[in-house]
Amino acid sequence: MPELPEVETVRIGLKRLLVGRDIAKVEHNWNKSFPNPKIEVDKYMINSKIIDVRRRAKILMIDLTENYSLVIHLKMTGQLVFRGNEDFGAGHPTDSLVGKLPDKSTRVVITFYDGSKLYFNDQRKFGWMRLMPTTEIKNIDFMKKVGPEPLDDNFTNTEFISRLYKRKKSNIKAVLLDQTIIAGIGNIYADESLFAAGIHPASIVNAIPADRLKKLYISIKQILLLAIEKGGSTDRNYVNAEGKRGSYIDIAKVFRKEKQPCPKCNLAITKIRVAGRGTHVCLSCQKLYLEANK
DNA sequence: CACTTGACCTGTCCGC
DNA sequence: TGCGGACAGGTCAAGT
């Protein structure tokens, strides 16, 4: 759910809302959501100031003074929602999808000296937050093996194809979801990109013609950029740093569109299972490539 | 070694 | 209406 565009949207919001704020208090109620011992959290977070908010793949990094950072993965249902000082008694903003906070899915609350708060909500408890020295982030296993950012100007079609070919006998959808091949793509944007490129998700990588892969490369960049513009996709839980929904899902072509007409050919979109995931496909517009040189 | 499946969790939806 | 089970999907560990 939170994929590159959603995490980037949260990053932009948090950077605007959090930088410069001083931490007064940190509370958490679920150890797996924030495993650092309380004594360490208090020592390095309280009285420190937020100086930057960064992203790599689907991971957020909130940098603090004293060279410590909060590293956060939202997984499927994680939310980071900022609320201003609520002493006005208004309850919560009426345009927020999230109700009064904290609620039963709140795992961590960070309170700032001005009374504002940052809530880490996570219904399914798969997400996590870790406090560590900023220079240690690059040593996390995931960071060592994660692939390139698809929106980097340095990320060329040539590099894209050579990386896909590391798993050339696999189906293309599984490879797009593999974060060590390319960073940031999840179920929504894999389906949308493959539709745009006219490739069936079960196609085998080395059977797909080069011009199709180039179309896929271009589609991934275009779709991720457009999705960031739209503030991401709110399918179920995802909200931005202000608790608001993203609107990309409204313009999605195939994701969650099963039984609805394909925007190109009108045939009903089909939902199948590929790489163990629910997968949306137009069987007429997306060609299945299974054997090389055909 | 490459790929697939199961585990981690909770809430929702569907069929009986 | 209540209840069981399937499903939602990011990543890592375990299994084939």
Side-chain angles (χ1 to χ4, degrees), chain A residues 1-10 28-35 55-60 71-80 97-99 102-108 120-130 137 139-147 149-150 163-194 201-207 224 227 232-239 245-246 248-249 252 254-259 270-281 290:
Chain A
M1 307 222 198
E3 305 178 25
L4 189 155
E6 290 74 30
V7 179
E8 179 64 11
T9 301
V10 172
H28 65 285
N29 67 5
W30 182 250
N31 209 40
K32 288 183 182 175
S33 297
F34 194 6
R55 179 189 63 78
R56 174 78 169 97
K58 300 170 190 170
I59 288 185
L60 280 167
V71 181
I72 304 163
H73 200 310
L74 300 174
K75 292 291 182 83
M76 269 92 75
T77 57
Q79 305 172 326
L80 284 167
L97 267 193
V98 182
D103 64 22
K104 63 182 173 180
S105 72
T106 301
R107 312 296 171 209
V108 184
F120 176 38
N121 272 18
D122 186 19
Q123 181 185 98
R124 287 173 71 180
K125 300 179 174 174
F126 291 162
W128 48 261
M129 177 181 285
R130 303 271 154 80
I137 296 174
N139 297 326
I140 301 172
D141 282 348
F142 179 90
M143 288 297 192
K144 284 195 274 194
K145 56 187 194 182
V146 68
E149 290 288 324
R163 295 193 71 86
L164 292 185
Y165 266 70
K166 288 170 177 260
R167 292 188 61 183
K168 61 186 180 183
K169 306 260 188 185
S170 300
N171 67 68
I172 183 68
K173 175 150 178 177
V175 179
L176 290 180
L177 294 175
D178 184 341
Q179 300 297 297
T180 70
I181 301 294
I182 178 170
I185 298 174
N187 211 34
I188 299 172
Y189 301 106
D191 283 5
E192 291 292 301
S193 303
L194 288 166
S203 297
I204 304 302
V205 168
N206 72 349
L224 292 178
S233 298
T234 295
D235 179 25
R236 291 186 161 79
N237 291 267
Y238 166 74
V239 293
R245 68 189 300 273
Y248 185 85
I249 206 83
V254 292
F255 191 80
R256 288 266 182 282
K257 304 288 183 189
E258 58 266 33
K259 297 177 182 164
T270 307
K271 187 170 181 186
I272 58 176
R273 224 165 166 81
V274 178
R277 307 288 172 77
T279 298
H280 309 78
V281 60
L290 293 177

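First the proteins, then the strands, lettered A, B, ... as listed; each starts at 1. On a predicted model such as this, the values are computed, not experimentally measured, just so you know.
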Item to complete: Start with the C-alpha gap between Asp122(A) and Met129(A), add the side-chain angles, then the distance that decides, and say whether side chain to side chain contact (heavy atoms under 4.5 Å, CB included) holds.
Response: CA-CA 11 Å; Asp122(A) 186 19; Met129(A) 177 181 285; over 6 Å; no

Worksheet entry | salt bridge (charged side-chain N to carboxylate O under 4.0 Å, His left out) involving Asp191(A) - partner list, sequence neighbours excluded | Lys173(A)

Worksheet item: What residues, two or more places apart in sequence or in another chain, satisfy side chain to side chain donor-acceptor pair (under 3.5 Å) together with Thr106(A)?
Response: Asp103(A), Asn121(A)

Item to complete: Would you check if Phe255(A) and Asn187(A) make a side-chain contact, meaning some heavy-atom pair closer than 4.5 Å?
Response: yes

Discussion item. Among Leu176(A), Asn171(A), Leu164(A), which residue satisfies the side chain to side chain contact (heavy atoms under 4.5 Å, CB included) criterion with Val205(A)?
Written reply: Leu164(A)

Worksheet, complete the sentence: Heavy-atom nearest nucleotide on DNA chain C taken for Asp235(A) and for Phe142(A); more 5' hit belongs to Asp235(A)

Worksheet item: Going by heavy atoms closer than 4.0 Å, what residues in residues 180-188 of chain A are next to DNA chain C?
Response: Gly186(A), Asn187(A)

Item to complete: Please identify each residue that fulfils salt bridge (charged side-chain N to carboxylate O under 4.0 Å, His left out) with Arg236(A), with sequence neighbours left out.
Response: none

Worksheet item: In what stems does DNA chain B take part, counting only runs of at least 3 consecutive Watson-Crick or G-U pairs whose two distances fall under 3.5 Å?
Response: B:2-8 with C:10-16, B:10-16 with C:2-8

Discussion item. Is the ring pair His28(A)/Phe34(A) parallel, tilted or perpendicular, if the boundaries are 30 and 60 degrees?
Written reply: tilted

Worksheet item: Looking across every strand, which nucleic acid part, if any, lies under 4.0 Å from Phe255(A) by heavy atom: base, sugar-phosphate, or nothing?
Response: sugar-phosphate

Worksheet entry | Modelled atom types, side-chain donor and acceptor of Glu3(A) and Tyr238(A), under 3.5 Å | no

Worksheet entry | Those residues that, when tested against Arg277(A), pass salt bridge (charged side-chain N to carboxylate O under 4.0 Å, His left out) (two or more places apart) | none

Discussion item. Checking Ser33(A) now: which residues fulfil side-chain contact (heavy atoms from CB on, under 4.5 Å) with it, not counting sequence neighbours?
Written reply: Trp30(A), Arg107(A), Phe120(A)

Worksheet item: Quantified in whole Å, what is the P atom distance between nucleotide dG9(C) and nucleotide dC13(B)?
Response: 15 Å

Fill in: Interatomic distance at P, dT5(B) relative to dC7(C), whole Å
14 Å

Worksheet item: Quantified in whole Å, what is the C1' atom distance between nucleotide dT12(B) and nucleotide dT11(C)?
Response: 23 Å

Close N or O pairs between protein and nucleotides 2-5 of chain B (under 3.5 Å):
unit_1	atom_1	unit_2	atom_2	d
dC3(B)	OP1	Ser170(A)	OG	2.8
dC3(B)	OP2	Arg167(A)	NE	3.4
dC3(B)	O5'	Ser170(A)	OG	3.3

Fill in: Residues forming a side-chain contact (heavy atoms from CB on, under 4.5 Å) with Arg124(A), sequence neighbours excluded
Met76(A), Thr77(A), Phe126(A)

Practice prompt. With the side chain counted from C-beta on, respond yes when Lys58(A) and Pro2(A) share a heavy-atom pair under 4.5 Å apart, and no when they do not.
Written response: no

Worksheet item: 5' to 3' on DNA chain C, which nucleotides open and close the contacts with chain A (atom under 4.0 Å from a heavy atom)?
Response: dA8(C) to dC12(C)

Worksheet item: With no hydrogens and no angle check, is any side-chain donor or acceptor of Glu258(A) less than 3.5 Å from a backbone partner on His280(A)?
Response: no

Item to complete: Starting at CD1 of Ile182(A), measure out to CZ of Arg163(A) and round the result to the nearest 0.5 Å.
Response: 8.5 Å

Discussion item. Holding to side chain to side chain donor-acceptor pair (under 3.5 Å), I want the full list of residues that pass it with Glu8(A), two or more places apart in sequence or in another chain.
Written reply: Arg11(A), Arg55(A)

Practice prompt. Starting at the 5' end of nucleotides 8-14 of chain B, put B wherever the base has a protein heavy atom under 4.0 Å, S where only the sugar-phosphate does, and a dash everywhere else.
Written response: BBBS---

